[in-house]
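Here's the structure, in structure tokens; my notes come after.
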Amino acid sequence: MLLPTTILWLAVVGTGLLIVDVIALDERAVSDAFVEARTDTLDSVSAVISEMGNTQVLIATCLLIVAFIWWQSRQWWFAIVPALALGLEALVFLTSSLVIGRPRPEVEQLDHAPPTSSFPSGHTGASTAVYLAFALCATRIGNAGLRITIQVLCVAVPVGVGVSRVYRGMHHPSDVIAGFVVGTTCALIAWNWLPLRDAAEGVIAASAEAGTAMSTRTTGSVVSGTTSTGVISDGGEATGDRADAPEEATTSPSRTAQRP
């Protein structure tokens, strides 16, 4: 998983430096439009949705879902897919944001700004990684109605988080788009862990089976060689010859005694 994650990191850093330092993309008009659309109701709703992308909330949610999937499937390698996605996203986000160092929008911010830079959006990336991983895991749910409902909700949550972060003045639109890309890619990388692990298990099982078969053949050869040439007293043709000798010796006197 580290190779595609490294490629993703390079892409994120390259894109961020292009947007911030080369193009110097100005997204102030979009941020101002969201500020003008603010209402008390939207402020309250966006605060709740934005909190769903909070680090502590996501970690707690992820652990609960992982525990539930593990309990239902009895497969830890399947249950940890959301945790893998979140871990990869955190690794890419924390390191790339240090390199890029983009300032946050110059508008009134409704939340306390974390120490990390604006690009990419950590809230959006983390929520996308976790909830999209949930949606992928939900593909194994047999009930079609329940499966579709869960998947729709899992897609809607990160979209809501991303929009709320722009609405609350915490990120530029390009920060949120980059967060979507990072989170989606990390979820797919984590999901691909399953077939790769299954393939590795297949190789290990085939090797173990081949080793067992070879061991069986070797043991059979050793046993066969011992029977024909080794411990003769344990059985075999030679033992039979020895057994006949006493019998012949025993019966000889009786035959002699019966002669006149």
Side-chain angles (χ1 to χ4, degrees), residues 1 4-5 8 12 34 41-94 111 120-168 170-171 173 175-201:
M1 292 185 292
T5 303
L8 172 63
V12 171
F34 274 97
T41 302
L42 289 178
D43 289 352
S44 301
V45 173
S46 64
V48 174
I49 297 177
S50 177
E51 191 67 17
M52 297 180 70
N54 185 282
T55 301
Q56 292 80 4
V57 174
L58 274 178
I59 291 176
T61 304
C62 184
L63 291 178
L64 288 175
I65 297 298
V66 166
F68 178 77
I69 296 175
W70 195 345
W71 172 56
Q72 288 292 316
S73 65
R74 305 299 182 185
Q75 297 176 338
W76 64 266
W77 55 92
F78 173 58
I80 65 171
V81 167
L84 288 175
L86 179 59
L88 294 175
E89 188 280 332
L91 179 62
V92 173
F93 160 68
L94 291 174
D111 294 328
S121 172
H123 279 63
T124 306
S127 60
T128 302
V130 171
Y131 283 98
L132 185 57
F134 292 165
L136 292 170
C137 290
T139 57
R140 297 193 177 186
I141 297 176
N143 187 298
L146 179 61
R147 179 177 65 251
I148 294 174
T149 301
I150 291 177
Q151 290 176 329
V152 169
L153 289 175
C154 288
V155 172
V157 169
V159 172
V161 171
V163 173
S164 68
R165 297 301 286 172
V166 178
Y167 173 87
R168 300 182 70 78
M170 305 310 299
H171 287 286
D175 302 337
V176 170
I177 294 174
F180 284 136
V181 173
V182 172
T184 301
T185 307
C186 290
L188 293 175
I189 293 173
W191 180 248
N192 285 329
W193 141 273
L194 291 176
L196 291 175
R197 185 186 184 279
D198 292 341
E201 280 192 341

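Both backbone and side-chain heavy atoms feed into the values below; hydrogens, waters and symmetry mates do not.
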What's the spacing between [X] [atom1] and [Y] [atom2] if we round to 0.5 Å?
X      : Y      : atom1 : atom2 : value
Phe68  : Cys137 : CZ    : SG    : 11.5 Å
Ile69  : Gln75  : CD1   : CD    : 11.0 Å
Arg168 : Phe34  : CZ    : CZ    : 13.0 Å
Ile189 : Glu89  : CD1   : CD    : 11.5 Å
Ser50  : Met170 : OG    : CE    : 8.0 Å
Thr184 : Leu132 : OG1   : CG    : 5.5 Å

State, yes or no, whether a side-chain contact exists between [X] and [Y] at a heavy-atom distance under 4.5 Å.
X      : Y      : result
Val81  : Leu136 : no
Cys62  : Val66  : yes
Leu8   : Cys186 : yes
Tyr131 : Met52  : yes
Val57  : Glu51  : yes

Mind listing the closest non-hydrogen atom pair of [X] and [Y] along with its distance?
X      : Y      : value
Cys154 : Phe134 : SG-CB, 3.6 Å
Ala129 : Ala187 : O-CB, 3.7 Å
Leu58  : Ser127 : CD1-N, 3.5 Å
Ala85  : Ala190 : N-CB, 3.6 Å
Trp191 : Arg140 : CH2-NE, 4.5 Å
Ala135 : Gln151 : O-NE2, 3.2 Å

query = Counting only N and O atoms by type, is there a donor-acceptor contact under 3.5 Å from the side chain of Asp175 to the main-chain atoms of His171?
reply = no

inquiry  = Apply side-chain contact (heavy atoms from CB on, under 4.5 Å) to residues Ser46 and Leu42 and explain how you reach the verdict.
reply    = CA-CA 6 Å; Ser46 64; Leu42 289 178; 5.6 Å; no

task = Begin with the C-alpha distance, continue with both residues' side-chain angles, and end with the deciding distance and a verdict on side-chain contact (heavy atoms from CB on, under 4.5 Å) for Leu88 and Val92.
result = CA-CA 6 Å; Leu88 294 175; Val92 173; 5.6 Å; no

request  = Could you walk me through whether Ile59 and Leu86 pass side-chain contact (heavy atoms from CB on, under 4.5 Å), step by step?
outcome  = CA-CA 8 Å; Ile59 291 176; Leu86 179 59; 4.2 Å; yes

inquiry  = So, applying side-chain contact (heavy atoms from CB on, under 4.5 Å) with Val176, which one of Val166, Val161, Thr128 is it?
reply    = Val166

remark   = By ring pair (Phe, Tyr, Trp, His ring centres under 6.0 Å), Phe93 pairs with (sequence neighbours left out) none

ask   = Could Arg165 and Asp111 be called an ion pair, given the rule that one side-chain N must be under 4.0 Å from one carboxylate O?
value = yes

